[in-house]
Peer 1: 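The following block contains the structure, expressed as structure tokens.
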Amino acid sequence: MTRQTSTSKRAQHVVRTRPEWVTFGVSALILVVVVGLLVVRVFHTDAAAAPVVDRPGAVNEVSGQFFVPVEIVNRGDLGAAEVQVVAELTIDGHTASSDQVVDFLGGGETQELTFVFAENPADGELVITVSGFAEP
């Protein structure tokens with residue numbers, strides 16, 4: 001009976017095959033990517049929600065009513081809930097106001113709204129603002 005010593009077992013050189021090296025390389029790459037993403041996520045802070053009126057569109061008249069399209073954009077990374085948008089049209093000292101609520105506006109998301117007025121906004125001063133929102 002031949003007895004093999006532990007030194008002779010260690011002395012044997014294990015040769016890895018090409019598929020084993022490829023598997024090792026892919027596994028190492030995946031591990032590096034996952035760790036890198038975790039590090040980036042730890043040091044990245046999300047910008048607070050910042051919904052703003054981005055662009056009032058061209059006024060359209062239909063049957064004596066004036067339609068004003070508006071884009072609301074959340075310039076933050078976090079979402080905003082219950083975004084209240086107020087439009088005030090002042091003509092000859094009289095102010096007509098209208099408001100709308102956007103249920104949810106995700107980070108970077110754009111929502112289109114349309115305000116309707118009985119008088120032509122071109123005859124006065126139209127101010128459209130975001131008056132408030134909640135953090136979901």
Side-chain angles (χ1 to χ4, degrees):
M1 175 163 122
T2 319
R3 191 167 178 208
Q4 216 173 15
T5 63
S6 64
T7 12
S8 64
K9 284 184 183 178
R10 279 189 237 151
Q12 293 177 349
H13 180 67
V14 178
V15 178
R16 305 234 187 260
T17 64
R18 179 178 224 89
E20 289 176 323
W21 281 111
V22 169
T23 303
F24 172 74
V26 169
S27 300
L29 180 64
I30 290 171
L31 183 62
V32 167
V33 168
V34 169
V35 169
L37 289 174
L38 288 173
V39 167
V40 167
R41 183 68 182 153
V42 165
F43 292 108
H44 175 65
T45 56
D46 291 327
V52 295
V53 176
D54 190 35
R55 177 182 56 139
V59 177
N60 295 319
E61 180 183 2
V62 177
S63 301
Q65 292 186 319
F66 298 88
F67 295 80
V68 181
V70 176
E71 282 188 359
I72 308 302
V73 177
N74 183 354
R75 295 209 174 127
D77 294 327
L78 301 176
E82 301 173 19
V83 180
Q84 183 158 2
V85 183
V86 177
E88 293 180 335
L89 174 61
T90 304
I91 299 175
D92 296 330
H94 299 289
T95 301
S97 66
S98 177
D99 69 326
Q100 294 190 41
V101 175
V102 176
D103 291 331
F104 183 80
L105 196 60
E109 185 179 0
T110 299
Q111 177 74 43
E112 293 184 21
L113 303 174
T114 301
F115 288 94
V116 181
F117 292 99
E119 297 183 68
N120 189 349
D123 295 338
E125 180 183 0
L126 177 63
V127 177
I128 303 172
T129 59
V130 173
S131 64
F133 64 92
E135 294 180 8

Peer 1: Tell me whether Asn60 contacts the main-chain N or O of Phe67 through its side chain, where contact means a donor paired with an acceptor under 3.5 Å.
Peer 2: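 No.
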Peer 1: Is there a chain of hydrophobic side chains (I, L, V, M, F, W, Y, each step under 4.5 Å between heavy atoms) that links Val34 to Val26?
Peer 2: yes
Peer 1: So how far is it from Asp54 CG to Gln111 CD, rounded to the nearest 0.5 Å?
Peer 2: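 Spacing of CG (Asp54) from CD (Gln111) equals 13.0 Å.
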Peer 1: For Glu135, look at atom CD and say whether over 12 heavy atoms of other residues, nucleotides or ligands are found less than 6.0 Å away.
Peer 2: no
Peer 1: Using every non-hydrogen atom in the two residues, find where Leu78 and Ala49 come nearest and quote the distance to one decimal.
Peer 2: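 It is O-CB, 3.4 Å.
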Peer 1: Identify the two heavy atoms, one from Pro121 and one from Val59, that lie closest to each other, and give their separation to 0.1 Å.
Peer 2: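 Shortest heavy-atom separation between Pro121 and Val59 comes out as CD-CG1, 4.0 Å.
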Peer 1: Just by distance, no angles: are the side chains of Asn120 and Glu61 close enough, under 3.5 Å, to form a donor-acceptor pair?
Peer 2: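 No.
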Peer 1: Do Phe133 and Val102 touch side chain to side chain, with heavy atoms closer than 4.5 Å?
Peer 2: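 No, their side chains stay 4.5 Å or more apart.
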Peer 1: More than 12 heavy atoms of other residues, nucleotides or ligands under 6.0 Å from CD of Glu82: is that the case?
Peer 2: no
Peer 1: Is there a path from Val53 to Leu126 through hydrophobic residues (I, L, V, M, F, W, Y) whose side chains come within less than 4.5 Å of each other?
Peer 2: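 Yes, one cluster joins them.
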Peer 1: Can you check whether Val85 reaches Leu113 side chain to side chain, under 4.5 Å on heavy atoms?
Peer 2: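 Result yes, sub-4.5 Å side-chain heavy-atom pair found.
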Peer 1: Measure across Gly79 and Phe104 and return the closest heavy-atom pair with its distance rounded to 0.1 Å.
Peer 2: CA-CZ, 3.9 Å
Peer 1: Grouping I, L, V, M, F, W and Y whenever their side-chain heavy atoms are under 4.5 Å apart, do Val35 and Val32 come out in a common cluster?
Peer 2: no
Peer 1: Find the distance between CD (Glu88) and CZ (Phe117) and round it off to the nearest 0.5 Å.
Peer 2: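 Separation between the atoms: 9.0 Å.
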Peer 1: Nearest heavy-atom pair of Ile72 and Leu105: which atoms, and what distance?
Peer 2: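 Heavy-atom minimum between the residues: CG2-CD2, 3.8 Å.
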Peer 1: Look up atom CG in Leu89 and atom OG1 in Thr95, then write down how far apart they are to the nearest 0.5 Å.
Peer 2: 8.0 Å
Peer 1: Check Ala50 against Asn74 and note the closest heavy-atom contact, atom names and distance.
Peer 2: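 Smallest interatomic distance, heavy atoms only, reads N-OD1, 2.9 Å.
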Peer 1: For the hydrophobic clusters of this structure (ILVMFWY residues joined by side-chain heavy atoms under 4.5 Å, transitively), does one cluster hold both Leu29 and Trp21?
Peer 2: no
Peer 1: Considering non-hydrogen atoms only, spot the tightest contact between Ile128 and Ala87 and give its length.
Peer 2: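 Smallest heavy-atom distance, with atoms named: CG1-CB, 3.8 Å.
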Peer 1: Within this structure, what is the CG-CZ distance for the pair Asp123 and Phe66, rounded to the nearest 0.5 Å?
Peer 2: 7.5 Å
